[in-house]
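Step one of this worksheet: look at the structure below.
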Protein chains: 2
Amino acid sequence: MVARAKTEAKKEFFALLARRKMRLTSQRLAIVEAVFGTDQHFTAEQLLAWSRLRDPSVSRATVYRTLPLLVQNGFVQALNLGKEETVYDPNYVDHPSHSHIICTDCDEIVEFESEQLAEIESQIRKQLGFQVDSMTLQVTARCGEFRRLGFCQKRERCSHRDPS
Amino acid sequence: MVARAKTEAKKEFFALLARRKMRLTSQRLAIVEAVFGTDQHFTAEQLLAWSRLRDPSVSRATVYRTLPLLVQNGFVQALNLGKEETVYDPNYVDHPSHSHIICTDCDEIVEFESEQLAEIESQIRKQLGFQVDSMTLQVTARCGEFRRLGFCQKRERCSHRDPS
DNA sequence: GTATTTGCAAATGTTTTGCAAGTAA
DNA sequence: TTACTTGCAAAACATTTGCAAATAC
């Protein structure tokens with residue numbers, strides 16, 4: 001399911017390009033359609049592959065040049081999970097305040113929302129005087145089921161990897 | 001100020017080595033003394049420099065081999081701030097539940113604690129059934145003062161960098 | 001027409017690793 | 001003694017960049 005907000009976001013991205021007198025090339029188009037056409041987290045390499053399905057002429061360099069544009073303008077969120085590659089989350093536009101639970105049993109990422117984060121933001125503002133730009137909560141946890149069953153009933157996403 | 005907990009932690013680290021039949025080499029000693037001898041965040045490169053003050057024979061490779069041992073056993077926390085290098089935080093043993101505010105005005109890192117994090121953990125456990133291993137909250141924010149004054153009165157740490 | 005953008009390939013910078021020599025227990 | 005560790009230098013890896021050719025407007 002790709003939410004309405006993503007369709008809006010795509011329009012906003014085109015508007016951003018226009019505002020900055022940047023050109024809407026076929027490569028940029030393929031990349032942003034790939035980004036706004038998924039709910040899944042992705043790496044730069046995956047985005048390259050997805051973009052090439054739409055336009056084979058897209059190069060790795062252009063993907064790496066486009067990603068900061070998307071991140072810096074709030075269209076996707078960059079997650080540094082301590083792994084080698086940066087993971088990008090396209091769901092930021094739909095759920096700006098969600099957090100990520102990384103399951104150490106199966107390495108999958110589960111999203112969740114907590115209204116407590118807004119409280120923390122207000123604490124930071126009032127007690128420390130900072131103006132908050134972004135908050136990223138990363139939780140590593142074990143879903144337990146994976147250990148016991150070899151897969152996660154609770155989280156269908158958690159069933160991809162072999163136990164090691 | 002290097003808290004008592006760090007002295008304890010050092011002992012625990014030696015015990016860990018013994019338990020795993022790993023050897024206490026002069027290089028490992030220099031590295032962990034450097035780690036537990038500071039309250040400052042550091043990069044692998046900085047740790048190499050600090051360690052070499054204690055034992056010039058420490059190599060970059062040994063630092064990179066020792067860091068995962070410290071991280072995986074909860075002696076330091078690894079922060080992936082989206083910058084190039086990983087930053088390590090030696091204050092985890094003193095304040096396991098603290099979070100980090102990265103000031104985008106001056107790139108400095110401010111630590112703070114919030115009891116709300118514990119509430120979120122309990123939510124995750126009860127509502128989603130995960131057993132939480134670690135929580136990292138990273139906030140990017142602007143302290144404002146830097147913009148106005150060119151430095152931060154509020155946070156002495158915020159006065160290192162030139163405005164750009 | 002022309003300023004922006006592209007792909008390519010080389011460069012960068014951090015982190016990892018193979019291996020032979022060194023060393024703690 | 002002998003299994004663990006080390007330093008070195010090369011490798012690996014994601015990401016960035018210079019440049020000449022291509023192209024949106």
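Here the structure is a predicted model, which is why all the values come from computation and not from measurement. Numbers restart at 1 for each chain; the letters A, B, ... are given by sequence-line order, proteins then strands.
- Distances shown here put every side-chain N or O of R23(A) at or beyond 4.0 Å from the OP1 or OP2 atom of dT23(D).
- Atom pair N80(B):CG and dA14(D):P shows a separation of 15 Å (rounding to whole Å applied).
- Side chains of F75(A) and E12(A) form a contact here, defined as non-hydrogen atoms less than 4.5 Å apart.
- The phosphate of dT15(C) has OP1 or OP2 within less than 4.0 Å of a side-chain N or O from T86(B).
- With respect to N91(B), the side-chain hydrogen bond (donor to acceptor under 3.5 Å, both in side chains) criterion is satisfied by exactly one of K6(B), H98(B), Q77(B), Q40(B): K6(B).
- R20(A) places its CZ atom 21 Å from the P atom of dA3(C), with the value rounded to the nearest Å.
- With hydrogens and angles left out, the side chain of R65(A) and the base of dG18(D) share a donor-acceptor pair within 3.5 Å.
- Side-chain contact of E113(A) with H95(A): a donor-acceptor pair under 3.5 Å is present, judged by distance alone.
- Separating the CD atom of Q46(B) from the C1' atom of dG13(C) is a distance of 16 Å, rounded to the nearest angstrom.
- Put simply, OG1 on T43(A) and CG on L79(A) are 12.0 Å apart, with the number rounded to the nearest 0.5 Å.
- When rounded to the nearest whole Å, the span between CG of L17(A) and P of dA3(C) equals 20 Å.
- The shortest distance between the side-chain N/O atoms of Q27(B) and the OP1/OP2 oxygens of dG7(D) is below 4.0 Å.
- Across the interface with DNA chain D, nearest-nucleotide mapping of Y64(A) and R60(B) shows R60(B) to be the residue nearer the 5′ end.
- The distance between atom CG of L69(B) and atom C1' of dT16(C), rounded to the nearest whole Å, is 16 Å.
- Between the CG atom of D55(A) and the C1' atom of dA22(D) there is a distance of 14 Å, rounded to whole Å.
- A straight line from CG of L29(B) to P of dT23(C) spans 16 Å, rounded to a whole angstrom.
- You'll find the side chain of S51(B) stays beyond 4.5 Å of the side chain of Q27(B), heavy atoms only.
- A close approach under 4.0 Å does occur between a side-chain nitrogen or oxygen of T25(B) and OP1 or OP2 of dT6(D).
- If you take NZ of K21(A) and C1' of dT2(C), they are 15 Å apart, rounded to a whole angstrom.
- Along DNA chain C, the nucleotide nearest to M22(B) and the one nearest to E45(B) differ in position, and the one closer to the 5' end is contacted by E45(B).
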